[in-house]
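Structure, as structure tokens:
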Amino acid sequence: MEAIAVIVNGKQQRITAPPDEPLLWVLRDQLQLTGTKYGCGEGHCGACTVLLEGKPVRSCLTQVAAAAGKHVITVEGLEQNGTLHPVQQAFLREEAFQCGYCTSGMILSAVALLGSNRTPTEEEIVHAMSGNICRCGTYPRIVAAVREAAQATKG
Amino acid sequence: MSSVPDRELALEIKQHEVNGDLHWFELDRRDFLKLFGGGLLICACGAKTVAQESGGRGGGHELPKDIAAWLRIAGDGQVTVFTGKVEVGQNIRTSLAQQVAEELRVPIESISLTMGDTDLVPWDAGTFGSRTTPTMGPQLRTMAVAAREMLLNLAAQDWHVEPSALVASDGRIANPKTSQSRSYGELTHGQKLVKVIEGDWPLTPATEWKIAGAAVPKVDGTAFVTGKHQYTSDMSRPGMLYGKILRPSGFKASLVSLDDQAAKELSKVTVVRDGDFVGVAAPDIWSAEQPLTTLKAQWKVPPQLSNRELFAYLKANAGKHDQEPADVTGSVTKAMAAAEIKLSQSYTVAYIQHAPLEPRAALAEWQGDKLTVWTGTQRPFAVRDELAAALRIPSQNVRVLVPDTGSAYGGKHTGETAIEAARLARAAGKPVKVIWTREEEFTWAYFRPAGVIEIKSGAQRGGTITAWECHNYNSGPAAINVPYDIANRLIQFHPVDGPLRQGSYRGLAATANHFARESHMDELSQAVGMDPLQFRLKNTTDDRLRGVFEAVAGKAAWGKQKSTPERGFGMAGGFEKGGHVATIAEVEIGPAKTVRIRRVVEAFECGAVVNPNGLRNQIEGAIVMGIGGALFEEVRFADGRILNQHFSEYRVPRFKDMPQIDVVLVDRKDLPSAGAGETPIVGVAPAVANAIFAATGERLRALPLKPG
């Protein structure tokens, strides 16, 4: 197996894995970045969402080879110099979670949305986030948190 | 295999009584006492407050009679609380810490909870039935009051004054007259003080609460938004392998033959066959899939029922295990004969899945003949006993630890994943982690029972209900009794050996029984020509129920807007497990008879509120989850297989399904706090069904609701 180079949270990583292994398991089990969760393995729940070159992808459906030479951001990479990302702060303030298992994926979907649209309407938030499941049902709080983060980052 | 949820609770407690004299208090507990360093340890005998409150359901105590350690104050003032309850998202790590902080008079930051570790915490039946707040709350508060009293006494001895002259506040005891002040940690003088307490201790009334009753943020919230929290599925141990189980081709299958030669030839792979159990362990999760595909198994699956024949089957097979009716009062026969208005209807609910976002997971590690298992379960002690029985080792050789878990909703009572991991770990000689796939979770977990509920009722033209006969087949007895004042009643639950493995689900059968009853109430109100709210108020004198009906009607401005073919308003209400709930739904009917819920207003009253923000979160979440059961969720099955075992086929609520949600909290500081994890879900389905009727005139009597 040839090593695959991936830049994860700004750090160059050389990964030895079958090229078709999902990025999800490489992140979790080789790099110990367990903030990215397995929820369904089929791209239907969004718990495994990470950013690949700034775009949200389902890491359970993304082969590690597809990330070769690219930038991957996981939930662990959002904090900057000890300060939480505005989306993380907003989730905390709104307490937009219960069990917290969907939270990483929710936060990354929201970060991706705000990356491409700094002032999303409620409809746009709902549309962008609809692939993420929160089984505890904290959707209204998550929408509120994303709006709040948008306000905070408007500048 | 199948079990009835309420009986499961009773059975669990009964089982504990049978075994109570031989388990849990063994050498390990004395070891535990040895283990703890300096400081103050509060232990209890009997746990009287809890035993009394659990009476009537299981008929006995739910906590051990022997001594158990509940609370420790270390020399540095850090407080550790020990409880068998577990955190699955319901926020009790925070709400219990608030209650201890309140009684102990310490900042909440100085408290940490050790939860669900069977070696360290007092025995507990499990985290279910909304019982943490009404039972564990007072239990821990009692321990905290006792600790505070003991600290006051220690300071009084040191300073030669009466304890009543001293004040406990902010983790310190002070003498207001002399300005003497010492921290709790200092007062223990590095000694090992063990205080065993008994009886009732005066708890702080809710009207005087400062930390309890406040919207305290989740104590470890940051760990969840940074991905740092370690769920069971995130944990690892040195040398750990990943386990996978070969699942049968259908339920109730037996293994006819197995060719595992190819799998055994793979390097670094352990293959285990033990009876009908076949599993593999490999160094990483992706490569563990490969040996599974090389296993050639032949299964024999007996013919089994499909969901198409389900309800006829449940009716036809009732009567074998009938219990006494829950309620026989007056004469329904006579009252029905005399009634001016009569109604008879049948309602059904489908099997549904919990679908917790973190699938079942367990990590097992052996050290000699001792087994340690980390797993996300609601019943750590029951899983410990399951492991002991399955692996034929004594219970005291098993330690179960429950990391805060990625939700459960009543779906994680059992220990199958723990057993699988432990069996594989024993064969491999290394720690093994098993994480179920989503398909496994949808198929091999258990289901909320499906059921048929038949109601016959009689009323006078003036709106007084005179007769109520209700039979529930299979779905369960929770909340089967009527909260209305009806003189003649016959109410009975009929257990059935159903086709699928079934068990607890948030609210148990209270959702099904509320759906049937509150739909029927709506039908009766139509029949007598009364407004649904007035009809309900006319038939109940329960002040707490009237309180939530009036609160929800006020918030939603009930009656101001009339239903139209495009927009309907419906209501439902009731009580269960100490929580009183009333729900109003507003639905929009699309051109193709599609239903969209525009708004849900819910009033909820569960006594004195411990944490209003956490409570709102629970209520909002229950409403959202209730939308799934009301409109979408239904397990389809045939020939021993689940037909919709993916999120693409089993529709759960998503962002786009969200209505506006308005929650009205009724805070009754004069009443004991009750739980709120379950009851807020029960009114959603009937309120939506009644709203659909109000708009379309079509009465839907099956969950999920499918108009047209």
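Chain identifiers are assigned alphabetically (A, B, ...) following the order of the sequence lines, protein sequences preceding nucleic acid strands; residue numbering begins at 1 within each chain.
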Between A/T36, A/T34, A/V75, who has the most heavy-atom pairs with chain B when the cutoff is under 4.5 Å? A/T34

Is any side-chain heavy atom of B/T437 closer than 4.5 Å to a side-chain heavy atom of A/Y38? yes

Pick one of side chain, backbone, both or neither for B/N91, based on which atoms fall under 4.5 Å of a heavy atom in chain A. side chain

Which residue, B/Q660, B/R599, B/R596, forms the side-chain contact (heavy atoms from CB on, under 4.5 Å) with B/E586? B/R599

Pick from B/P359, B/P356, B/A622, B/G89 with the largest number of heavy-atom pairs that fall under 4.5 Å of chain A: B/G89

Nearest 0.5 Å, what's the CH2-CD distance between B/W436 and B/E441? 6.5 Å

Could you look at B/Q90 and say if it's the side chain, the backbone, both or neither that has a heavy atom under 4.5 Å from chain A? neither

Cut-off 4.5 Å, heavy atoms of chain A, and the answer for B/R616 is both

I need the residue from A/S130, A/G100, A/P22, A/P140 with the largest number of non-hydrogen atom pairs under 4.5 Å to chain B. A/S130

Chain A heavy atoms under 4.5 Å from B/Y409: which part of the residue, side chain, backbone, both or neither? side chain

Relative to chain B, which segment of A/I107 carries a heavy atom at a distance below 4.5 Å: side chain, backbone, both, or neither? side chain

So, B/Y650 versus B/Q645: side-chain donor-acceptor pair below 3.5 Å or not? no

Of B/V624, B/L357, B/T226, B/N617, the largest count of non-hydrogen pairs under 4.5 angstrom with chain A goes to B/N617

Do the side chain of B/T293 and the main chain of B/Q290 share a donor and acceptor less than 3.5 angstrom apart? yes

Looking only at A/R93, A/E76, A/H85, A/E42, most heavy-atom pairs under 4.5 Å shared with chain B are made by A/E42

Is A/K37 positioned over the aromatic face of B/Y231, cation under 6.0 angstrom from the ring centre and no more than 45 degrees off axis? no

Any sub-3.5 Å donor-acceptor pair from B/T443's side-chain atoms to B/I642's backbone N or O? no

Does any non-hydrogen side-chain atom of A/F97 lie less than 4.5 Å from one of A/M106? no

If you count heavy-atom pairs within less than 4.5 Å of chain B, which of A/V126, A/T138, A/L78 leads? A/V126

Of the backbone (N, CA, C, O) and the side chain (C-beta and beyond), which part of A/E21 lies under 4.5 Å from a heavy atom of chain B, both, or neither? both

Chain A interface, residue from B/S233, B/G614, B/S287 that has the most non-hydrogen pairs under 4.5 Å: B/S233

Aromatic contact, B/Y242 with B/W286 (centres under 6.0 Å): no

Pair count under 4.5 Å, heavy atoms only, with chain A: among B/D404, B/N613, B/T405, B/D284, highest is B/N613

Inspect the surroundings of CD in A/E2 and state if more than 12 heavy atoms from other residues, nucleotides or ligands are less than 6.0 Å away. no

Which region of A/E79, side chain (C-beta onward) or backbone (N, CA, C, O), has a non-hydrogen atom less than 4.5 Å from a non-hydrogen atom of chain B, or is it both or neither? side chain

Within 6.0 Å of NE2 in B/H646, more than 12 heavy atoms from elsewhere: yes

Side chain, backbone, both or neither of A/L92 within contact of chain B (heavy atoms, under 4.5 Å): both

Heavy-atom proximity to chain A below 4.5 Å, by part of B/H229: backbone

